[in-house]
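First up is the structure itself, then whatever we jot down about it.
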Amino acid sequence: MKKKSPIFYLCVLSFIGFIYCLANDSLHCFLFFEAPISLENMQDELRIVIENWEIQGFNYDVNTKMQLVKVYSARIAFDIFAMVGVGMMFYKIKLGWTFYWIFQLAYVLVPFIVLGVSLTTSWPYVAGNAVIVFPLFFAMIHLVYVLLFFAQKKE
């Protein structure tokens, strides 16, 4: 039996992760697109999430609703493009690495660009709607995968 390379396992895990992210981002995009502005008329699950965000300082209105739809729409596109990069790497096409890291980086940065972020003098040194909706820990997972693939770039 031929031994599989680490890049094989990274590609499989990344593909599974992107399927999850694609499903999650699609769900949120459609939920926010269809959601009413009034919290009283909203589904319980989405209302609870928004109420938790508001406790942290998030302001839900028409503008932020449309910003959330834009963020999740962009993330759907970046999920697909990054999966294309993973597929290319799986078949040992070097262009896949470039595709992958560019769209992974875009995936992490788009909430900060669209929702806004500000720098603070205390930990975690960033604040704003983007950090409330997309905690930094979740962004780190994507960056760790970029580093793992970078370690296998010669493959």
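Throughout, residue positions are numbered sequentially from 1 according to the sequence presented.
For Phe58, the CZ atom is densely surrounded, since the number of other residues' heavy atoms within 6.0 Å is greater than 12. The neighbour count for Phe150 CZ, taken as heavy atoms of other residues, nucleotides or ligands under 6.0 Å away, does not exceed 12.
In this structure, the side chains of Val114 and Leu68 stay at 4.5 Å or more apart for every pair of heavy atoms. You'll find the side chain of Arg75 stays beyond 4.5 Å of the side chain of Cys29, heavy atoms only. At a threshold of 4.5 Å between non-hydrogen side-chain atoms, the residues Asn52 and Ile55 count as touching. Considering only heavy atoms from C-beta on, Ile50 comes within 4.5 Å of Phe32 through its side chain. Side-chain contact between Val131 and Gln56 is absent, with no heavy atoms from C-beta onward closer than 4.5 Å. Here the side chains of Gln43 and Leu31 are in contact, with some heavy-atom distance below 4.5 Å. Side-chain contact between His28 and Asn24: present, with at least one pair of heavy atoms (C-beta onward) separated by less than 4.5 Å.
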Worked verdict on Val146 versus Trp97 for side chain to side chain contact (heavy atoms under 4.5 Å, CB included): CA-CA 9 Å; Val146 169; Trp97 160 246; 4.0 Å; yes
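Cluster annotation: Tyr145 is connected to Met83 through the hydrophobic network of ILVMFWY side chains, with a link wherever side-chain heavy atoms come within less than 4.5 Å. The cluster map of Ile, Leu, Val, Met, Phe, Trp and Tyr, joined by side-chain heavy atoms under 4.5 Å apart, puts Val144 and Phe15 in the same cluster. Using a 4.5 Å cut-off between side-chain heavy atoms of Ile, Leu, Val, Met, Phe, Trp and Tyr, with links allowed through other members, Val117 and Leu119 fall into the same hydrophobic cluster. Under the 4.5 Å side-chain heavy-atom criterion for Ile, Leu, Val, Met, Phe, Trp and Tyr, Ile102 and Ile76 are members of the same hydrophobic cluster. No path of Ile, Leu, Val, Met, Phe, Trp and Tyr side chains, each step under 4.5 Å between heavy atoms, connects Leu22 with Phe33, placing them in separate hydrophobic clusters.
Summarising the geometry, atom CG belonging to Leu105 is positioned 11.5 Å from atom OH belonging to Tyr100; distances are rounded to the nearest 0.5 Å. In this structure, Leu39 CG and Leu46 CG are separated by 8.5 Å, a value rounded to the nearest 0.5 Å. Note: Leu148 CG to Tyr9 OH = 15.5 Å, rounded to the nearest 0.5 Å. Distance check, rounded to the nearest 0.5 Å: CD1 of Ile80 to SG of Cys21 gives 12.5 Å. In this structure, Gln104 CD and Ser14 OG are separated by 7.0 Å, a value rounded to the nearest 0.5 Å.
Centroid-to-centroid, the aromatic rings of Phe134 and Tyr72 come within less than 6.0 Å.
Applying the salt bridge (Lys or Arg N to Asp or Glu O under 4.0 Å) criterion to Glu51, with sequence neighbours excluded, gives Arg47.
Shortest non-hydrogen contact noted between Gly96 and Met89 is C-CG, 3.7 Å. Pairing each heavy atom of Leu95 with each of Met88, the nearest pair is C-SD, 4.1 Å. The two residues Gly57 and Ile132 come nearest to each other via the heavy atoms C-CD1, 4.0 Å. Summarising the geometry of Met42 relative to Pro36, their closest heavy-atom pair is CE-O, 3.1 Å, with the distance given to 0.1 Å. Nearest heavy-atom pair, Val110 versus Phe78, reported as atom, atom and distance to 0.1 Å: CB-CE1, 4.0 Å.
Under the 30°/60° scheme for interplanar angles, the aromatic rings of Phe90 and Phe8 are found to be tilted.
Sorted by first and then second residue, the side-chain hydrogen bond (donor to acceptor under 3.5 Å, both in side chains) pairs involving residues 57-70 (not counting sequence neighbours) are Asp61-Thr64.
Among Trp101, Tyr107, Phe103, the one residue that satisfies the ring pair (Phe, Tyr, Trp, His ring centres under 6.0 Å) test with His142 is Tyr107.
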